[in-house]
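Here the structure is a predicted model, which is why all the values come from computation and not from measurement.
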Amino acid sequence: MIVCGDDALAHRLATELRDVYRARVTLVLPGSASPAGGPRRSAPRQGRAAALLGRVSAAVTGGPPAPGADPHRLEADALTGEVLESAGVAGAAALALVHDDDETNIHAALAARRLNPGLRLVIRLYNRRLGQHLEQLLDQAALVALPDLDPATADASTTVLSDADTAAPALAATAIAGTSKIVHADGLLLRAAERTPSGRGTADPGLCTLALLSATVSDPGGEEGSDSSGTAGPQLLPDPQAVSAATGRGTIVLEAVARNRPAPPSGRPAGRGRPLSEFFSRRLRWSVAVTGLAVCALALASWLISGGHLLHAAYVTLLDLFAINDPALDESAGRQVLQLLTGLVGLALLPLLVAGALEALGAFRSASALRRPPRGLSGHVVLLGLGKVGTRVLAQLRDLDIPVVCVEESLEARGVALARRLRVPTVIGDVTQEGVLEAAKTHRARSLLALTSSDTTNLEAALYARTVKADLRVALRLYDDDFAAAVFRTLRTTHPHALTRSRSVSHLAAPAFAGAMMGRQILGAIPVERRVLVFAALTVAGHPQLEGRTVEAAFRPGAWRVLALDTTEPAERRPDLGVPRPADGEQRPTGLVWDLRPDYVLRPEDRVVLAATRQGLAELQPQPPTAVH
């Protein structure tokens with residue numbers, strides 16, 4: 001296996017392949033990588049505390065592992081075809097291109113496909129649409145170069161993934177207790193919901209229980225356990241007996257499965273039909289309404305006094321209102337009084353028209369500007385950082401209709417345009433400077449998501465936010481999982497009544513990238529505290545743990561569990577896993593079936609969707625072919 005990258009994801013992926021899949025790995029690093037081989041980080045902020053924390057973080061994340069445990073490393077200033085050849089791409093089983101720059105990954109993927117048409121490619125791209133086109137292009141190139149290549153193998157030869165898309169649902173769900181964790185699975189949408197612990201018995205298991213959390217009734221915050229936490233951590237894919245005995249314990253359940261259809265188009269174009277409140281103030285609207293009522297009253301009085309038709313009386317009143325009618329010198333006293341009153345109302349109407357024009361002009365000029373947080377805003381989520389990950393998290397939170405206030409240091413950040421388009425209040429400033437978090441109404445916020453690219457900035461902002469609101473729910477993005485666990489324990493001890501969560505984007509994304517390198521269709525991954533649960537699709541043939549067994553017998557607690565069955569004929573299967581359809585009487589079910597019978601025997605031609613742990617997925621994988629040197 002060859003991994004090419006320049007940040008924490010590359011190191012995490014190489015470790016995942018080495019430790020979980022026992023694969024031989026060559027890690028290609030840029031020539032400017034740190035001597036210790038750790039991921040590059042943003043420069044720490046000024047101040048003794050931040051500088052010290054930066055050195056500690058670098059020591060924790062950048063320290064070399066035990067002697068002899070490192071993958072083979074190769075440094076290169078540019079990822080050219082010659083560098084790929086020297087890394088052994090001609091005899092490699094798979095190549096992962098996980099540079100943070102999309103253009104670098106695309107150029108390297110084209111060169112690798114030319115050097116080894118049968119190579120399995122896993123590419124990290126932020127641009128979703130470009131990724132779909134690139135997959136088709138590279139697969140077609142493989143079929144042209146190798147006409148005898150099995151089309152089924154070609155479908156898995158190129159996989160485009162995004163670490164931001166993988167981690168964003170988990171980070172968004174961390175900000176809100178009980179928020180669903182969404183997995184978009186190639187045409188399907190799986191929703192896994194976190195159920196808070198209750199002392200009234202076990203919670204509704206939904207379609208199935210995916211995990212038992214460390215959170216309990218007596219300790220709702222839990223221990224944020226990891227793979228090394230033992231019994232104190234979460235329990236993935238528990239058996240029915242463990243679920244029945246888990247009274248008062250938090251759970252994650254598979255709540256619903258639906259076809260992932262695009263949102264139906266609305267009747268009006270996006271961005272049209274904004275409410276009047278965005279153009280005219282409430283005071284101006286009330287003034288116009290009162291003036292309109294006064295004009296109607298004057299028109300009615302004119303009709304009662306002068307007689308005639310009501311429309312004629314309204315017409316005369318409007319002429320008096322705009323001062324274009326002749327003076328009522330020869331008419332009755334009542335008519336003269338009404339004309340004077342109408343003239344006074346007309347004088348009051350003039351400043352209202354001017355004010356309305358100025359407010360509308362200001363609203364149009366500020367339509368492309370960033371909104372400031374409203375004065376009375378409360379119960380919102382403060383999102384720090386609008387980079388790649390922050391942008392995806394912002395879109396997730398808005399899809400859930402959760403109010404958000406963003407804080408970003410640079411107007412040139414990727415997510416600023418999205419915040420402007422979604423009319424999300426945004427504060428431009430350094431989150432470590434005094435007054436910035438106050439401007440985001442942190443003291444009235446529901447939770448804080450610190451998602452900048454600097455560990456020190458995220459931690460400093462979280463600590464400062466604790467001084468603003470001691471019980472604030474905080475979730476931090478930290479690179480190293482061990483460092484994140486240490487931060488969690490420290491903040492939990494310091495603020496026992498406040499919920500703190502720390503997440504590593506590379507830790508969440510690495511299992512999906514590693515599974516794709518092993519040739520499996522990875523549908524998504526969800527975090528279970530500090531562990532990861534992976535959803536994958538595979539064919540039963542060649543897996544003795546599944547082939548010829550019933551669905552109930554194929555379930556291995558703590559390792560894997562069959563969730564769905566695609567029993568469509570192989571020649572008729574769709575790449576997006578088809579449409580869920582129930583079984584029809586005694587006939588063999590067709591399509592994707594989620595309500596599985598425990599006694600259904602898995603056939604070699606069946607394709608299943610399963611949830612698996614990292615170790616469980618590795619056990620289900622065939623051994624990678626030996627690399628040629």
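- A donor-acceptor distance shorter than 3.5 angstrom exists from the side chain of N116 to the backbone of V89, with no hydrogens or angles considered.
- Rounded to the nearest 0.5 angstrom, R556 CZ and R549 CZ are separated by 9.5 Å.
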Checklist line | Step-by-step side chain to side chain contact (heavy atoms under 4.5 Å, CB included) determination, L478 to S504 | finding: CA-CA 5 Å; L478 300 176; S504 168; 5.7 Å; no
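- Inter-residue side-chain proximity for N458 and L451 is flagged as unmet; no heavy-atom pair is nearer than 4.5 Å.
- Proximity of P117 to L146: side-chain heavy atoms (C-beta onward) are separated by under 4.5 Å at one or more points.
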Next item on the list: Report the C-alpha separation of V608 and V540 in whole Å, then their side-chain angles, then the decisive distance to 0.1 Å, and conclude whether the side chain to side chain contact (heavy atoms under 4.5 Å, CB included) test is met.
Entry: CA-CA 7 Å; V608 296; V540 172; 3.8 Å; yes
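- In this structure, the separation between CD on Q615 and CZ on R531 is 9.0 Å, given to the nearest 0.5 Å.
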Listing, residues 123-130 side-chain donor-acceptor contacts under 3.5 Å, not counting sequence neighbours, or none:
from: R124; atom 1: NE; to: D163; atom 2: OD1; distance (Å): 3.3
from: R124; atom 1: NH1; to: D7; atom 2: OD1; distance (Å): 3.3
from: R124; atom 1: NH1; to: D7; atom 2: OD2; distance (Å): 2.8
from: R124; atom 1: NH1; to: V98; atom 2: O; distance (Å): 2.8
from: R124; atom 1: NH2; to: D7; atom 2: OD2; distance (Å): 3.3
from: R124; atom 1: NH2; to: D100; atom 2: OD1; distance (Å): 3.3
from: R124; atom 1: NH2; to: D163; atom 2: OD2; distance (Å): 2.8
from: Y126; atom 1: OH; to: R392; atom 2: NH1; distance (Å): 3.3
from: N127; atom 1: OD1; to: R129; atom 2: N; distance (Å): 3.2
from: N127; atom 1: OD1; to: L130; atom 2: N; distance (Å): 3.1
from: R128; atom 1: NE; to: D165; atom 2: OD1; distance (Å): 3.4
from: R128; atom 1: NE; to: D165; atom 2: OD2; distance (Å): 3.2
from: R128; atom 1: NH2; to: D165; atom 2: OD1; distance (Å): 2.9

Check: Hey, mind stepping through R120 and M518 against side chain to side chain contact (heavy atoms under 4.5 Å, CB included) and telling me if it holds?
Finding: CA-CA 9 Å; R120 185 178 301 121; M518 301 304 297; 5.5 Å; no
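- Note that CG of L84 and OG1 of T26 are 11.5 Å apart. Values are rounded to the nearest 0.5 Å.
- A distance of 6.0 Å separates NE2 of H507 from CZ of R12, quoted to the nearest 0.5 Å.
- Using a distance-only test at 3.5 Å, with no hydrogens or angles considered, a donor-acceptor pair links the side chain of E529 to the main chain of S214.
- Between P511 and V532, some side-chain heavy-atom pair lies under the 4.5 Å cut-off.
- L383 CG to I402 CD1: the interatomic distance, rounded to the nearest 0.5 Å, is 11.5 Å.
- Using a 4.0 Å cut-off between a side-chain N of Lys or Arg and a carboxylate O of Asp or Glu, R603 and E547 do not qualify as a salt bridge.
- Considering only residues two or more places apart in sequence or on other chains, A14 meets the side-chain contact (heavy atoms from CB on, under 4.5 Å) condition with V25, L27, P71.
- What you find for P238 and L212 is that their closest heavy atoms are CG-CG, 3.8 Å.
- When L254, L210, V534, L508 are each tested for a side-chain contact (heavy atoms from CB on, under 4.5 Å) with I526, only one passes: L210.
- L491 places none of its side-chain heavy atoms less than 4.5 Å from the side chain of S502.
- The closest side-chain heavy-atom distance from L74 to L29 is not below 4.5 Å.
- Under the 3.5 Å distance criterion, the side-chain polar atoms of H543 are matched with a main-chain donor or acceptor of T539.
- Between I2 and V28, the shortest heavy-atom contact is CG2-CG2, 4.0 Å.
- Counting all heavy atoms, side chain and backbone alike, W560 lies closest to F555 at O-CD1, 3.2 Å.
- Between the side chains of R113 and T158, at least one donor-acceptor pair of N or O atoms lies under 3.5 Å.
- For Y21 against L617, the heavy-atom pair with the smallest separation is OH-CD2, 3.5 Å.
- Contact of the V609 side chain with the V562 side chain is not registered, since no non-hydrogen atoms from C-beta on lie closer than 4.5 Å.
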Notebook entry, point to check: Run the side chain to side chain contact (heavy atoms under 4.5 Å, CB included) check on L138 and L121 step by step: do they pass?
Noted result: CA-CA 9 Å; L138 293 175; L121 289 174; 3.9 Å; yes
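- In this structure, R477 contributes its side chain and L449 its backbone to no donor-acceptor pair below 3.5 Å.
- For D139 and S157, the side-chain atoms include at least one donor-acceptor pair closer than 3.5 Å.
- Closest non-hydrogen pair, A510 versus L13, comes out as O-CD1, 3.9 Å.
- At least one donor-acceptor pair under 3.5 Å links the side chain of Q545 to the backbone N or O of E619.
- Here L161 contributes atom CG and L97 contributes atom CG; the two are 12.0 Å apart, rounded to the nearest 0.5 Å.
- Checking E135 against T159 by side-chain atom types alone, no donor-acceptor pair falls below 3.5 Å.
- For the pair R614/E16, a side-chain contact is recorded, criterion being any heavy-atom separation below 4.5 Å from C-beta on.
- Taking all atoms of both residues into account, the shortest heavy-atom contact from G5 to A10 is CA-CB, 3.7 Å.
- For the pair M517/L17, a side-chain contact is recorded, criterion being any heavy-atom separation below 4.5 Å from C-beta on.
- Judged by distance alone, with hydrogens and angles left aside, the side-chain atoms of N105 form a donor-acceptor pair with the main-chain N or O of H99 at under 3.5 Å.
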